[in-house]
Protein chains: 2
Amino acid sequence: MTEQDLSARIAGEIRDAIVSGALIVDARLPSEAELAEQFGVSRPTVREALKRLAAQNLIRTRRGATGGAFVRRLSFEEAQDQQVTTATLLLSMNAVDFDTACEARFALERACTALAAARRTPGHLARMDRELARQGDPALSDEAFCASDVAFHRALVDSAANPVLSYQLAGAIEAIEPLMNMIIFTARDRARILDLHGAIAAALARRDAAAMDGALSTLERYTCELAATVMARRGAAPSAARGR
Amino acid sequence: MTEQDLSARIAGEIRDAIVSGALIVDARLPSEAELAEQFGVSRPTVREALKRLAAQNLIRTRRGATGGAFVRRLSFEEAQDQQVTTATLLLSMNAVDFDTACEARFALERACTALAAARRTPGHLARMDRELARQGDPALSDEAFCASDVAFHRALVDSAANPVLSYQLAGAIEAIEPLMNMIIFTARDRARILDLHGAIAAALARRDAAAMDGALSTLERYTCELAATVMARRGAAPSAARGR
DNA sequence: AGACGATTAATTGTTTGACATTTAACTACC
DNA sequence: GGTAGTTAAATGTCAAACAATTAATCGTCT
C-alpha cells in the first residue's frame with residue numbers, strides 16, 4: 001500500500017484533512033502553485049491530486065481571480081449517483097448471483113415498509129398511482145416499463161420520509177433493477193407485476209405494513225422464478241457471470 | 001453540466017465505455033500517448049482524466065514495458081470502503097438529524113434478521129461472543145468499545161450470508177456509528193448495551209428473528225434517548241449541525 | 001544448445017516553462 | 001459617481017524533456 005504515486009499520496013493527505021474536519025465545507029485550498037511548493041512537487045502533480053479529489057466530489061474548482069479549489073458539500077443527490085454507479089459496476093463485475101442481488105434488494109426495501117406505512121402522504125400515493133397507470137398502458141415500451149418500475153419503488157422508499165434510507169436504497173434499487181430487467185425482459189408478465197404493485201400501493205394507502213411485506217415477498221419470489229426460467233432456457237449459463 | 005473541463009469529459013467517455021461493457025475487466029486502455037492523440041489533447045490532460053478514473057477504482061496502472069492502464073475489477077471490499085467514507089462525509093456535511101440517521105441504521109439492520117436467523121453459522125456466533133466478551137471488560141477504552149460495537153453489528157449482518165447486503169450495510173453501520181459514539185460517548189451505559197447485545201446474540205443463536213427485531217428496536221430507542229439527553233445537556237444545539 | 005546477463009524498447013511518473021482563459025477587483029476617465 | 005478598460009491572480013492546457021520501471025530481446029559464455 002505504501003507504493004502509491006505522489007498524486008495519490010497528496011490526494012490522500014488532503015482527503016484526510018477534509019474528513020477529519022481540518023478543512024470545512026467551502027474552505028479554500030491553497031492555490032496549485034502554493035500546494036506544489038508545500039508538498040515539494042510540480043504543479044501537474046498537484047493537479048493530478050486535485051483531479052482525484054474532484055472525481056470523488058470532495059472539491060470543486062473555480063477559475064479566475066478569486067478562484068481555486070474549495071471543499072464541496074457532498075449532496076445526497078450526488079452521493080446517490082455515486083452509489084448507483086458503484087453498485088452497478090460491483091454487480092456486473094463480480095458475477096453476483098441473481099438470487100443474491102434480488103434477495104438483498106427486497107430485504108432492504110421491506111426495511112422501509114413500517115416507516116412508510118406510518119408516514120406516507122397523499123403525494124407519495126399519487127406518485128405511485130401515476131406509475132401504476134403508466135405500467136398498465138400496453139403501448140409502453142419495455143425500457144419505459146423498467147423506468148416506471150424503478151420510479152414506483154423509489155416512491156415507496158421515499159414515503160418512509162428518511163433521506164438516509166432513500167440514499168441507501170437508491171443503490172440497491174437502481175443498481176439491481178437493470179440487471180433484473182436484462183434477465184427477465186422477455187419473460188415478464190406485466191399483468192402479474194402490475195397486480196402486485198397495486199397490492200403494495202393499496203396496502204400503503206391503508207397503512208398496512210404487514211401486507212406490504214407480504215406483497216413485496218411475493219414479488220421477490222415471482223422475480224426469482226422468472227429469472228430461473230430464463231436462465232434454464234438459456235442453458236446452464238450462471239446469471240451475470242462475466243469476466244476473469 | 002456541459003461546461004466541464006477536458007479531463008472530466010475524457011474521463012466520462014472512458015467511464016461510459018467501462019460501464020457499458022465496451023471495456024471489460026482487465027482490458028488494457030491505449031497508452032497515454034495514444035489516448036492523447038485520439039482525443040486531440042496533450043498527455044497531461046489525459047493523465048488527469050486517468051487519475052480521475054483511478055480515484056474511483058475503475059482502473060489501475062502499471063509501469064514498464066507491458067504497462068498501461070487496465071480496467072479494474074471493483075471488489076466488494078473497495079466498494080465498502082468507498083461507501084463508508086462517502087456516507088460518513090454525507091452525514092457530517094449535511095447536518096443530518098441524529099434520530100434520522102439512527103432510524104435508518106436500525107431499519108436496515110433489522111432487514112437482515114430473518115436471513116441471519118436462517119443462515120447464521122457457529123462461526124458468526126463465535127465472532128459475536130468474542131465481541132461481547134470484549135465489551136464486558138471494564139478496562140476497555142471508549143474507542144475500543146466503539147470499534148467492538150461496530151464489529152458486533154457487522155458480524156450480525158454478515159451472518160445473513162449475502163455479500164450485497166453486507167456491502168450495503170457497511171455504509172449504514174460504519175458511517176453512523178462514529179456520529180453516534182461522538183454524541184453519546186460519555187452518557188452511555190455499557191451494562192445496558194451489553195445486555196441488549198447479549199439478547200440479540202442469544203436470539204440469533206436460537207434463530208429467533210422476531211426477538212432479534214425486538215432487541216434491536218429496544219437498542220434503537222435507548223440510543224435515541226441517550227442522544228436526546230446529551231443534546232439537552234449541551235443546550236439546544238441541534239445534533240450534528242455544522243457547516244453552511 | 002542452453003542459461004544467464006546486458007541491452008533495448010515501451011510505458012508511466014515527474015518536472016519545467018510557457019501560454020491561454022476566466023474572473024474579480026482596481027483604476028482612470030468622463 | 002458610474003462605466004469602461006486594465007490588471008492581477010488563478011485555473012486550464014500544451015509542449016518537450018528526463019527519470020524510473022518493466023518485460024522482452026539479443027548476445028555471449030559455458
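Just so we're clear, the structure is a prediction, and the values are computed from it rather than from any experiment. Residue numbers start from 1 in every chain, and the chains themselves are labelled A, B, ... in the order their sequence lines are given, proteins ahead of strands.
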For nucleotides 10-13 of chain D, which of its nitrogen or oxygen atoms have a protein nitrogen or oxygen under 3.5 Å away, and what is each distance?
residue, atom, partner, partner atom, Å
D:dT11, OP1, A:Glu32, N, 3.4
D:dT11, OP2, A:Glu32, N, 3.1
D:dG12, OP1, A:Thr61, OG1, 3.2
D:dG12, OP2, A:Arg47, NH1, 2.9
D:dG12, OP2, A:Arg47, NH2, 3.4
D:dG12, OP2, A:Lys51, NZ, 3.4
D:dG12, O4', A:Arg63, NH1, 3.2
D:dG12, O6, A:Arg43, NH2, 2.9
D:dT13, OP1, B:Leu6, N, 3.0
D:dT13, O4, A:Arg43, NH2, 3.1

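Counting only residues at least two apart or on different chains, the ring-ring contact (aromatic ring centres under 6.0 Å, His included) pairs with a member in residues 152-173 of chain B are B:Phe152-B:His197, B:His153-B:His197. The salt bridge (Lys or Arg N to Asp or Glu O under 4.0 Å) contacts involving residues 74-87 of chain A comprise A:Arg72-A:Glu78, where partners must be two or more places apart or lie in separate chains. Pairs of residues two or more places apart, or lying in two chains, that qualify as salt bridge (Lys or Arg N to Asp or Glu O under 4.0 Å) and include a residue from residues 165-175 of chain A are A:Arg154-A:Glu174.
Rounded to a whole Å, the CD1 atom of B:Ile10 is 13 Å from the C1' atom of D:dC14. Taking atom CG on B:Leu35 and atom C1' on C:dG13, their separation rounds to 16 Å, with Å as the unit.
Residues passing the side-chain contact (heavy atoms from CB on, under 4.5 Å) test with A:Cys102, sequence neighbours excluded: A:Phe98, A:Phe106, A:Met180, A:Glu220, A:Thr223, A:Cys224. With sequence neighbours left out, the side-chain contact (heavy atoms from CB on, under 4.5 Å) criterion links A:Ala147 to no other residue.
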